[in-house]
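The structure presented is a predicted model; accordingly, all values stated were derived computationally and were not measured. Letters A, B, ... are given to chains in the order of the sequence lines, protein chains preceding strands, and every chain is numbered from 1.
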There are 2 protein chains.
Amino acid sequence: MNSEQDFLSAYDPRAYAPVAVTVDVVALTVRDGELQVLLIERGEHPFAGRYALPGGFVRDEPLETAARRELAEETELDRVHLEQLGTFGDPGRDPRMRVVSVAYLAFAPSMPDPASGGDAASAAWVPVAQARELAFDHDAILAAGLERVRAKLEYTPLATAFVGPEFTIAELRAVYAAVWGEDLHAGNFHRKVLSVPGFVESTGTTTERGGERGGPKPRLYRAGDARLLHPALLRPAREADIR
Amino acid sequence: MNSEQDFLSAYDPRAYAPVAVTVDVVALTVRDGELQVLLIERGEHPFAGRYALPGGFVRDEPLETAARRELAEETELDRVHLEQLGTFGDPGRDPRMRVVSVAYLAFAPSMPDPASGGDAASAAWVPVAQARELAFDHDAILAAGLERVRAKLEYTPLATAFVGPEFTIAELRAVYAAVWGEDLHAGNFHRKVLSVPGFVESTGTTTERGGERGGPKPRLYRAGDARLLHPALLRPAREADIR
DNA sequence: TTGAGATTAACTCGCTCTGAGAAGAACTAT
DNA sequence: ATAGTTCTTCTCAGAGCGAGTTAATCTCAA
């Protein structure tokens, strides 16, 4: 933005090759004990018939507004936690033209199938393990989203975004187990969640019934006011992650 | 990207208002015990005379290549650590037109003043505490970069990117002190750095001379092969950060 | 109705990690 | 030489964590 040419070209963008800006959304939820992602089956070329992340062109609006709009077009997701994930703009990632896509990450409690309600009949929640060979570079975007959510569970109260407004410790533990793909020690998890200041706060009530397979009525909690977990809730270190 | 209109417009981008894509770089270094950022004094409107982050338009190249190119235009920074920070695209952030800017974060060891060598006579390293009222929304971009670097020092070996290929534990500690803005307990820091697997590895040598103000010749270390610090090197929790 | 099995919630125990402080050795500047 | 600084190691008490145990509670099936 320093040379005169740059300055002038800012007033005549057609001096440069046209670039399109889109948003793509990695919307995650935990259903049936699995981490699932919202995908769209593409009807048109390129990548017709392949699954893709929901997304579309950015209009005269902030980027996050565009992400929220695209998400609303596919589901009735409301009050979801939304954060920017990263931007993917390699030349050639879209065969038609240069497309720079700003990816967003959304977290939602378990919802009914979008196919029944949304106007996009081709939208579906898919377990992340089965979400492969997506259109464009969406495999890489999804992988970045999964890495992000796994890391953020450690040091933020993000898990509460995957459950309803009132939840049990066991429901919270199920979120961690689904996202991390490994079971957690129930007793230690319980102690840890209650000991981190501001993670959860008690409602003073319990569920109406015990668990489906027995056990006492668990107590209900709300999300607390913490933005960071101190100390963090660390998952066991894996050598492969460290090196 | 589902309606026919979207599909067609992808072949005729002028159906939408033109959008420019730029990169901006938050280049950080530690000089004189302070965290400093590379800034450019703008010569032209808008924001003439104000400082701004180095940046420019993206050409037919990957985004990271554009960031590296813009950085090279202002300094002789070589082999710097570069990572994507975030994308800033609010309408109105550039008064001329819609500009979506992908911000990158760069970390470099202490370097001579860019004014002496670079072709941009107006480039300068500025202590981050004095980098205020920048052009466009660069205050917000810089703030995001500072938050990122402070957090990443905790759980990655990023501090080694701020020092030379061989360094002392005290130099590493000075990086932490400069970035976090608080002194660290020398003994505990020493124990911690050496105990985290893969953070640093010994060269078996020491410096030629002791410190400027006395003390024995410190041992020299290289960066290790760890990508993550386990256990992390946490800074003391501040209540303001948590809530 | 009763028993088997599962779950919640709380506790114990040993180990590791951390913060704070201390101390000896090594080195520079005066 | 002396004073002051720094490097490096050590100690000690407290906090946190993984693993295991236990009592109470509840569902489901016999």
On a heavy-atom basis, the closest approach of A/Val80 and A/Ala108 is CG1-CB, 3.9 Å
All pairs passing salt bridge (charged side-chain N to carboxylate O under 4.0 Å, His left out) where residues 179-190 of chain A contributes a residue, at least two apart:
A/Glu182-A/Arg238
Here the distance between atom P of D/dC17 and atom CG of A/Leu184, to the nearest Å, is 13 Å
Which residues share a side chain to side chain donor-acceptor pair (under 3.5 Å) with A/Thr160, sequence neighbours left out:
none
Per-pair distances, 0.1 Å, donor-acceptor, side chain in residues 206-224 of chain B, under 3.5 Å, sequence neighbours excluded:
{"from": "B/Thr207", "atom 1": "OG1", "to": "B/Arg209", "atom 2": "O", "distance (Å)": "2.7"}
{"from": "B/Arg222", "atom 1": "NE", "to": "B/Glu201", "atom 2": "OE2", "distance (Å)": "3.3"}

Measure CG/A/Leu220 against P/C/dT7 and give the value in whole Å, please.
18 Å
To the nearest angstrom, the CG-C1' distance between B/Asp183 and D/dT6 comes to 14 Å
If you look only at pairs with a residue in residues 141-154 of chain B, which of them pass as a salt bridge (charged side-chain N to carboxylate O under 4.0 Å, His left out), with sequence neighbours excluded?
B/Glu83-B/Arg148, B/Glu83-B/Lys152, B/Glu154-B/Arg235
Can you sort out the partners of B/Tyr104 under ring-ring contact (aromatic ring centres under 6.0 Å, His included), two or more places apart, ordered by chain and number?
none
Between C1' of C/dG19 and CG of B/Leu233, the distance in whole Å:
13 Å
Between C/dG19 atom P and B/Glu182 atom CD, what is the distance in whole Å?
11 Å
Residues of residues 189-199 of chain A with any non-hydrogen atom less than 4.0 angstrom from an atom of DNA chain C: list those, numerically ordered, please.
A/His190, A/Arg191
Go along nucleotides 21-30 of chain C 5' to 3' and tag each nucleotide: B for a protein heavy atom under 4.0 Å from its base, S when only backbone or sugar atoms are that close, - otherwise.
B----BBSS-
Let me check something: any side-chain donor-acceptor pairs from residues 128-136 of chain A under 3.5 Å, sequence neighbours excluded? List them with distances.
{"from": "A/Arg132", "atom 1": "NE", "to": "A/Ala129", "atom 2": "O", "distance (Å)": "3.1"}

Indicate yes or no: at least one non-hydrogen side-chain atom of A/Gln36 is less than 4.5 angstrom from one of A/Ser110.
no
Rounded to whole angstrom units, what separation is found between the CG atom of A/Leu234 and the C1' atom of D/dC17?
10 Å
Would you be so kind as to tabulate the donor-acceptor pairs closer than 3.5 Å made by side chains of residues 163-174 of chain A, with sequence neighbours excluded?
{"from": "A/Thr168", "atom 1": "OG1", "to": "A/Ala170", "atom 2": "N", "distance (Å)": "3.4"}
{"from": "A/Thr168", "atom 1": "OG1", "to": "A/Glu171", "atom 2": "N", "distance (Å)": "3.0"}
{"from": "A/Glu171", "atom 1": "OE1", "to": "A/Thr168", "atom 2": "N", "distance (Å)": "2.9"}

Inter- and intrachain pairs under ring pair (Phe, Tyr, Trp, His ring centres under 6.0 Å), touching residues 170-190 of chain B, at least two apart
B/Tyr176-B/Trp180, B/Tyr176-B/Phe189
Scan residues 161-176 of chain B against DNA chain D and write down, sorted by residue number, each residue with any heavy atom closer than 4.0 Å; if none is found, say none.
B/Ala170, B/Arg173
B/Thr65: what forms a side chain to side chain donor-acceptor pair (under 3.5 Å) with it, not counting sequence neighbours?
none
